[in-house]
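The chains referred to below are lettered A, B, ... by the order of the sequence lines, with proteins before strands, and numbering in each begins at 1.
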2 protein chains.
Amino acid sequence: MPAPRRELLMDTAEQLFYRDGFHATGIDRIQAESGVAKTTLYKHFASKDALILAVLERASMRVRSSLQQQAQRLRGKGLERILAPFEDLQGVCGEDDFNGCLFNNAAAEFMYSNPPIHALAREHMDWMRQFLHQLLEEEGFDPQQAWLLLPLYEGVLTVARVQDSEPAIKQSLTAIRALLQT
Amino acid sequence: MPAPRRELLMDTAEQLFYRDGFHATGIDRIQAESGVAKTTLYKHFASKDALILAVLERASMRVRSSLQQQAQRLRGKGLERILAPFEDLQGVCGEDDFNGCLFNNAAAEFMYSNPPIHALAREHMDWMRQFLHQLLEEEGFDPQQAWLLLPLYEGVLTVARVQDSEPAIKQSLTAIRALLQT
DNA sequence: GGATGGGTGTACAGATCTGTTTCTTTTTAT
DNA sequence: ATAAAAAGAAACAGATCTGTACACCCATCC
């Protein structure tokens with residue numbers, strides 16, 4: 001099996017886009033870091049924008065299937081099933097090169113300058129909210145609470161960039177417990 | 001009173017940095033939009049980094065004094081005093097060129113590439129958390145809830161970039177009410 | 001045993017970005 | 001009124017960025 005150039009490019013690009021940002025990461029850097037020739041990059045992706053879109057789309061699908069798998073495992077477990085994504089935040093925030101939520105970072109950088117990219121970020125968040133909505137519904141909680149859980153989830157990722165994530169996660173977990181069990 | 005060039009530059013820069021991002025906003029654009037000559041810009045600010053720092057510092061002070069003034073007005077009003085900053089989010093999220101939280105955007109773009117800017121964003125968040133901590137304490141609530149309120153506040157700003165802010169704010173307000181009144 | 005397709009390497013075009021230089025003009029203070 | 005300070009205009013240096021052109025390598029397949 002030959003080295004899958006396309007995947008390697010997307011891996012490198014995703015890491016750099018996430019860590020350093022989209023505008024700050026040049027094509028040359030992705031080329032140098034991945035070791036793939038620039039010609040090859042432009043044979044696989046029509047432009048930097050196309051690469052960004054491909055990276056975000058793949059990342060979104062990865063997150064979705066991971067969350068869905070976990071939700072599958074915890075089906076019927078009530079509160080535990082709702083809390084699971086928040087418990088995972090501990091690990092996410094502790095990762096090397098952690099830099100918040102990739103989709104929020106993309107939304108911020110391309111809010112008004114690149115509608116397709118911004119739309120992709122919005123779609124990811126939409127999916128997240130609907131996912132939480134369904135989870136809450138299936139476990140017998142008020143599904144409208146998805147409108148609280150989503151900001152809280154994103155807020156923890158956001159605050160953990162500049163502060164200790166541990167107390168934020170801890171307070172969020174106990175708050176969710178208190179709110180849903182009434 | 002002559003047009004204060006320095007303030008005009010910072011006004012223009014802040015608007016562009018906020019709307020389009022820091023890396024995406026060039027000096028030339030700030031120059032053109034403000035009408036101030038580039039020579040003058042570099043007479044007031046040693047570099048783009050220095051301009052960014054000045055803009056963030058000024059914005060942080062503006063936010064702080066605004067929140068403190070409001071807190072002063074609502075002294076002793078209990079829950080209402082805690083909720084006030086969250087109620088203001090309605091207006092903030094509806095503004096033209098709204099793009100989340102300026103300090104989080106800065107933290108994301110400069111997380112690993114520019115420690116001074118990242119530190120300034122961290123200091124702003126630190127202040128916010130301590131401010132909420134003090135508010136909670138003064139009104140007789142558990143001050144540790146600041147570790148919940150801060151992510152929630154930032155999360156609403158973050159989610160409102162790609163979704164309707166109204167239900168997020170509404171759910172947050174009722175959640176805070178429910179959590180603190182126990 | 002060539003043709004084909006994917007990959008490499010390098011140089012380059014053209015745009016843009018930060019920051020500087022030089023010179024002129026306007027404003028302000030004494 | 002005149003000196004000094006502030007601002008303006010425009011060109012430019014040097015770096016970097018996206019994207020392309022061109023020549024070459026090398027495996028696989030027919």
Could you label the plane-to-plane angle of the B:F103 and B:H124 rings as parallel, tilted or perpendicular, counting under 30° as parallel and over 60° as perpendicular? parallel
How close or far is atom C1' of D:dA11 from atom CG of B:D28, stated in whole angstroms? 13 Å
Side chain B:K48 and base C:dG19 donor-acceptor under 3.5 Å: no
A:T39 has a side chain; which of C:dT18, D:dT20, D:dC22 sits nearest to it? D:dC22
For atom CD1 of B:I27 and atom P of D:dG14, their distance in whole Å: 20 Å
How close or far is atom P of D:dG19 from atom CG of A:L51, stated in whole angstroms? 10 Å
Once you round it to whole Å, what is the distance between P of D:dA7 and CG of B:L41? 11 Å
Would you say A:H118 and A:Y112 make side-chain contact, with heavy atoms under 4.5 Å? no
May I have the distance from B:K43 (atom NZ) to C:dT24 (atom P), rounded to whole angstrom? 15 Å
Nucleotide of D:dA7, C:dG7, D:dT18 approaching B:R5 most closely (side-chain heavy atoms): D:dA7
Are the side chains of B:N104 and B:M125 in contact, using a 4.5 Å heavy-atom criterion? yes
Just checking B:H23: base, sugar-phosphate only, or nothing, at a heavy-atom cut-off of under 4.0 Å? nothing
For C:dG6, does either OP1 or OP2 sit under 4.0 Å from a side-chain N or O belonging to A:T40? no
If you check the B:S47 side chain, which of C:dG19, D:dA9, C:dT8 turns out closest? C:dG19
Would you say the side chain of A:K38 and the base of C:dG9 hold a donor-acceptor pair, judged only by whether the two atoms sit under 3.5 Å apart? no
Using whole Å, report how far CZ of B:F45 lies from P of C:dT20. 15 Å
Between A:T12 and A:Q15, is the side chain to side chain contact (heavy atoms under 4.5 Å, CB included) condition met? List the steps. CA-CA 5 Å; A:T12 310; A:Q15 182 190 323; 5.9 Å; no
Hydrogens and angles aside, do A:S60 and A:R64 bring a side-chain donor and acceptor to less than 3.5 Å of each other? yes
What is the separation between atom CG on B:L8 and atom C1' on D:dG8, rounded to the nearest whole Å? 14 Å
Kindly point out which of C:dT18, C:dT8, D:dT20 is positioned nearest to the side chain of B:Y42? C:dT18
Separation of C:dG6 P from A:L9 CG (nearest whole Å): 15 Å
